[in-house]
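Below: one structure, written as structure tokens.
The basis for the numbers below is simple: all heavy atoms, side chains too, and nothing from hydrogens, waters or symmetry mates. Here is the naming used below: chain letters follow the sequence lines, and residue numbers restart at 1 for every chain.
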There are 2 protein chains.
Amino acid sequence: MPVSQPTSIQRPSPVALHRAEVKRPRGRPRKTAEDRDDGNRRAALLQAAAALFRRKGFAATTTRDIAAAAGMQSGSPFYHFKSKDALLFAVMEEGMTSALARQHTTLALSRAANPLAQLRGLVHAHFLVLLGPQSDFIPVMLYESRSLKPAQREKLSALQSQYENLWVPVLKALHASGHLRAPVVLARLLILGALNWSVQWFDPHKKASVDDLSDAAMALFVGGSVASS
Amino acid sequence: MPVSQPTSIQRPSPVALHRAEVKRPRGRPRKTAEDRDDGNRRAALLQAAAALFRRKGFAATTTRDIAAAAGMQSGSPFYHFKSKDALLFAVMEEGMTSALARQHTTLALSRAANPLAQLRGLVHAHFLVLLGPQSDFIPVMLYESRSLKPAQREKLSALQSQYENLWVPVLKALHASGHLRAPVVLARLLILGALNWSVQWFDPHKKASVDDLSDAAMALFVGGSVASS
DNA sequence: CCTACCGATCGGTAGG
DNA sequence: CCTACCGATCGGTAGG
């Protein structure tokens, strides 16, 4: 099974870059096969790290835990990531990028709808990001950001602001129409908090579904069903 | 400046209790001095641990950090607490006991008031517990409980249930009167989540006060001012 | 409560 | 990506 060079997603170190440019024998298509595999292993590490960081926290998770969960030996994660910190940052960045894309789609699909329906769309999609399948990345970002170094935190805060700002026009419209009674800025903070906290108590094996949660949240925040616009 | 004995809030371990009962030489008032000192140092450790656990998390905080913050040498915390785990548990138990007492007082004071005023009282007191002076203990309990051993978590969950159940009658009354539109159980989870999340973003140096937050939360959850009952 | 210390674990690296 | 390893740190303890 062929093995791998780093994909361009991860910035290659000067050394690796140099290697990639210089050495390149003529034989079989080594690079393609290599890249595929590496993306594979890198993605496995990200997924394993996200799951462990979420369950045990960043500081309580060892790089050996992560390596084992991805089926590697203890030193191997450092072939893909410069440090444990870099792994944490990659998990968060991946989570935010994917969540942002999801919410952009949600808003695009409900552009013609009324603000209540738009809020319901944002709420539902946010619950899915937190509680749905492959939902380890964003909870890690929400609950482990104090483990980031300042420079990393700054990079992420740009994405976070983008995400929060998606909610503002919708909330403003609902405030203007009288559906939302609290000031928009505080409302955004309180609403996202109510949703974010669900990762602490939501149990997919119990009766309440993500749809039930979304209905309850809408009833709580804007006092009724989407229909009653 | 007289210093305090441990309040009965902290249950003394059987060993300490035994010692206090048995040994009591006749000379100077040794026991008093010892206990006073011990309560002093123990409380300092609890406070230092709470602040550090809140800021850096349990796993990322070393017992040496805590000792230094309390002005001790590295091995000394283990004279007062059996283990780092025990310190975490003590912080949480102290926080819960104190928060419960506070909310009982709140409810007692507003027993004659209408449910909206009662909710406002609970919300305000909860914000104070999270964000007011000496507010490190409850945030630690909220955000670090996964670091507890199962037996410890079980002991705490009794106190947590007590705390949550204080809200239910008030929410039920508001649901019956039409002020609260969401199902009571989910409403309690979402409301407490919205409040709990405030520890992530509240900045006492900014303009919004705890009173402003309470007003906004009431407006968001029950759509208006307390007066409009 | 301090001094002096131990055993285990951890992030990370060299070299292939 | 593995093997073999290092230096540092950490929770905890003995003995006073």
Side-chain angles (χ1 to χ4, degrees), chain A residues 1-7 10 12-16 19-20 23 30-31 33-46 48-49 52-53 56-91 147-149, chain B residues 3 6 15-16 19 30-31 33-46 48-49 52-53 56-91 147-149 152:
Chain A
M1 180 190 264
V3 183
S4 81
Q5 294 196 351
T7 75
Q10 165 192 354
S13 74
V15 170
R19 214 205 298 149
K23 129 183 168 189
R30 249 170 98 67
K31 180 176 181 297
E34 279 176 2
D35 276 2
R36 224 172 29 211
D37 236 12
D38 190 50
N40 212 359
R41 304 284 68 209
R42 184 189 151 94
L45 277 172
L46 277 179
L52 286 163
F53 289 160
K56 310 177 36 171
F58 173 74
T61 300
T62 70
T63 56
R64 284 164 169 82
D65 289 339
I66 298 167
M72 299 175 184
Q73 298 303 314
S74 68
S76 302
F78 298 98
Y79 171 76
H80 296 276
F81 295 91
K82 200 184 77 191
S83 66
K84 192 187 177 192
D85 283 332
L87 236 178
L88 176 65
F89 180 73
V91 165
S147 298
L148 288 176
K149 289 185 290 192
Chain B
V3 181
V15 171
R19 215 206 293 149
R30 248 174 96 66
K31 178 182 180 289
E34 277 177 3
D35 275 4
R36 217 160 47 196
D37 241 11
D38 191 51
N40 209 0
R41 306 283 68 211
R42 185 187 151 94
L45 278 172
L46 277 179
L52 286 163
F53 289 161
K56 308 176 38 170
F58 174 74
T61 300
T62 70
T63 56
R64 285 166 170 81
D65 289 340
I66 298 167
M72 298 177 183
Q73 298 303 314
S74 68
S76 302
F78 297 98
Y79 172 75
H80 297 276
F81 295 92
K82 202 184 77 191
S83 65
K84 190 187 176 190
D85 283 332
L87 235 177
L88 176 65
F89 180 74
V91 165
S147 298
L148 288 176
K149 287 186 289 192
Q152 297 172 314

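- Note that CG of B:D65 is 3.0 Å distant from OG1 of B:T62, once rounded to the nearest 0.5 Å.
- DNA chain C is contacted by both B:L45 and A:T62; B:L45 maps to the nucleotide lying nearer its 5′ end (nearest heavy atom per residue).
- Summarising the geometry, the separation between CZ on A:F78 and P on C:dC10 is reported as 12 Å, rounded to the nearest angstrom.
- Summary of the strand contacts: A:S76 and A:R64 both lie near DNA chain D, and taking for each the nucleotide with the nearest heavy atom, the more 5' one is attributed to A:S76.
- In this structure, B:K84 NZ and B:I66 CD1 are separated by 6.5 Å, a value rounded to the nearest 0.5 Å.
- Atom CD1 in A:I66 sits roughly 11 Å away from atom P in C:dC10 (whole-Å rounding).
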Could you give me the CA-CA distance, side-chain angles and deciding distance for A:F89 and A:K149, then say whether side-chain contact (heavy atoms from CB on, under 4.5 Å) is met?
-> CA-CA 9 Å; A:F89 180 73; A:K149 289 185 290 192; over 6 Å; no
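- The interatomic distance linking B:L87 (CG) with D:dC10 (P) rounds to 16 Å, in whole Å.
- Between the CD atom of A:Q73 and the P atom of C:dG12 there is a distance of 18 Å, given to the nearest Å.
- The NE2-C1' distance, from B:H80 to D:dG12, rounds to 15 Å in whole Å.
- Here C:dG12 presents its C1' atom at 12 Å from NZ of A:K84, a figure rounded to the nearest Å.
- Of the listed nucleotides (D:dG11, D:dA4, D:dC2), D:dA4 has the atom at the smallest distance from the side chain of A:S74.
- In this structure, D:dG12 forms a base pair with C:dC5, meeting either the Watson-Crick or the G-U wobble geometry with both donor-acceptor distances under 3.5 Å.
- In this structure, A:K56 atom NZ and C:dT9 atom P are separated by 13 Å, rounded to whole Å.
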- Report the C-alpha distance between A:L45 and A:M72 in whole Å, list the side-chain angles of each, state the deciding distance to 0.1 Å, and finish with yes or no for side-chain contact (heavy atoms from CB on, under 4.5 Å). CA-CA 9 Å; A:L45 277 172; A:M72 299 175 184; 3.6 Å; yes
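- When rounded to the nearest whole Å, the span between CG of A:D85 and P of C:dC10 equals 16 Å.
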